[in-house]
Amino acid sequence: MSTSLKNSLIHLRNFKKQDVIDLFERASFFEKQKNSFVKTDQTAALIFFEASTRTRMSFETASVRLGLHPMILSGKASSSLEKGESFEDTVLNIAALNPALLIIRTDDSLDLNRLEQRLALPILNAGWGTQGHPSQALLDAFTIWRKKGTLEKERVLIIGDVGHSRVAASHFELSKIMNYEVALCGPQNFMPTGTAHAAFSNLEEALGWATVAMALRVQNERHSKLATLTSYADKFGLNTKNKKFISQGTLIMHPGPINHGIEMDLAVMRDQRSVILEQVINGVYIRQALLERALNGGTR
Ligand code: CP
């Protein structure tokens with residue numbers, strides 16, 4: 001079932017379809033539970049070396065709802081990272097405090113696979129460089145599943161900075177397991193090299209194909225030239241002019257955070273087909289299911 005006997009979550013590639021369905025069913029259960037808190041004497045360590053709003057607070061909420069007390073390291077400020085301590089030493093020292101599990105967001109410099117083999121406790125990937133963001137792909141897929149009743153044969157269009165996107169990397173894995181199609185749309189230099197997925201260069205044509213239109217954040221930190229961003233917004237930004245090419249039943253999604261006026265205008269975010277805030281709501285339930293699975297192997 002899992003990446004290891006500890007039920008860590010590093011990649012999705014080892015999941016089977018039934019594992020994903022089990023997670024969705026547990027997430028649906030947690031949705032019905034809403035805010036019923038339980039109490040344990042365990043802690044969950046949230047180690048966020050990179051910035052986050054949704055993932056960090058969603059895992060924090062999910063931890064509290066499962067009775068895990070969250071211990072949070074968020075960025076460098078006030079931590080010994082400021083004194084030059086390495087990411088790996090930081091993780092090993094936090095692990096020595098004996099949390100029930102580690103939830104880690106990091107850049108590519110930290111090897112989560114190596115840490116997972118070295119440590120006895122489960123590790124949950126909360127966004128790892130360009131490697132993957134499995135809980136995000138799962139919550140996206142759960143949102144589609146809830147709205148459409150299935151993922152089979154859904155046509156998910158991922159628009160934008162796909163080459164730098166860990167969210168896209170996890171959808172490439174999950175789409176094979178859950179049998180949904182993924183196509184890409186964006187400028188050539190934003191596309192991953194050697195992709196097996198169909199790529200559209202024309203956004204209007206691509207939107208006509210899609211049953212889910214998922215825009216990604218243009219990673220400004222990697223594309224700092226204003227000219228690049230302006231030309232991107234003209235050709236690939238979702239806006240009031242091109243949203244008419246999105247069919248009525250198509251879901252509009254974005255993992256967040258959004259650069260308004262670049263990959264998505266406010267009017268598109270507020271469109272009735274947008275499920276962007278539902279993604280955030282569903283993220284807590286999926287993360288509760290992932291935490292439960294990490295703690296006790298889930299329900300199977
Ligand atoms: N979707 C996502 O990972 O958002 P944050 O960076 O705010 O966690």
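Owing to the predicted nature of the structure, the values given are computational and were not obtained by experimental measurement. Note that ligands are numbered from 1 as they come in the structure, with each ligand's atoms numbered from 1 the same way. We're numbering straight along the sequence, starting at 1.
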Residue and atom name of the nearest protein heavy atom (relative to atom 6 (O) of ligand 1), distance in Å to one decimal = Arg105 NH1, 2.9 Å
For Glu50 and ligand 1, answer yes if some heavy atom of the residue is under 4.0 Å from a ligand atom, otherwise no.
-> no
Under 4.0 Å from a heavy atom of Gln136: give me the atoms of ligand 1 that qualify, with their elements.
-> 1 (N), 2 (C)
Look at atom 1 (N) of ligand 1 and say which protein heavy atom is nearest, naming residue and atom and giving the distance to 0.1 Å.
-> Pro255 O, 2.8 Å
Counting N and O atoms only, with roles assigned by atom type, does the side chain of Arg273 sit under 3.5 Å from a partner on the main chain of Ile246, one being a donor and the other an acceptor?
-> yes
Side chains of His197 and Ser175: does their closest heavy-atom pair fall under 4.5 Å?
-> yes
Which is closest to atom 2 (C) of ligand 1 by heavy-atom distance: Leu216, Thr55, Asp140?
-> Thr55
Asp271 with Lys243: basic N within carboxylate O range, under 4.0 Å | yes
One finds that the ligand 1 atoms under 4.0 Å from a non-hydrogen atom of Thr53 are 5 (P), 7 (O), 8 (O)
Does the separation of the ring centres of Tyr232 and Phe190 fall below 6.0 angstrom?
-> yes
N/O separation below 3.5 Å, Ser52 to ligand 1 = yes
of all protein heavy atoms, closest to atom 4 (O) of ligand 1 is Arg54 NE, 3.0 Å
Could you walk me through whether Arg105 and His133 pass the side chain to side chain donor-acceptor pair (under 3.5 Å) check?
-> CA-CA 9 Å; Arg105 169 165 291 194; His133 194 349; 3.2 Å; yes
For residues 138-145, dump all side-chain donor-acceptor pairs below 3.5 Å to protein atoms at least two apart in sequence or in another chain.
unit_1	atom_1	unit_2	atom_2	d
Asp140	OD1	Gln136	NE2	2.9
Asp140	OD1	Gln279	NE2	2.8
Asp140	OD2	His171	NE2	2.8
Thr143	OG1	Leu139	O	2.7
Thr143	OG1	Asn282	ND2	3.0

Side chain to side chain donor-acceptor pair (under 3.5 Å) between Ser247 and Thr250: does it pass, once the steps are laid out?
-> CA-CA 5 Å; Ser247 65; Thr250 291; 2.8 Å; yes
Mark the output for Gly256 as yes if a heavy-atom distance to ligand 1 is under 4.0 Å, and as no if none is.
-> yes
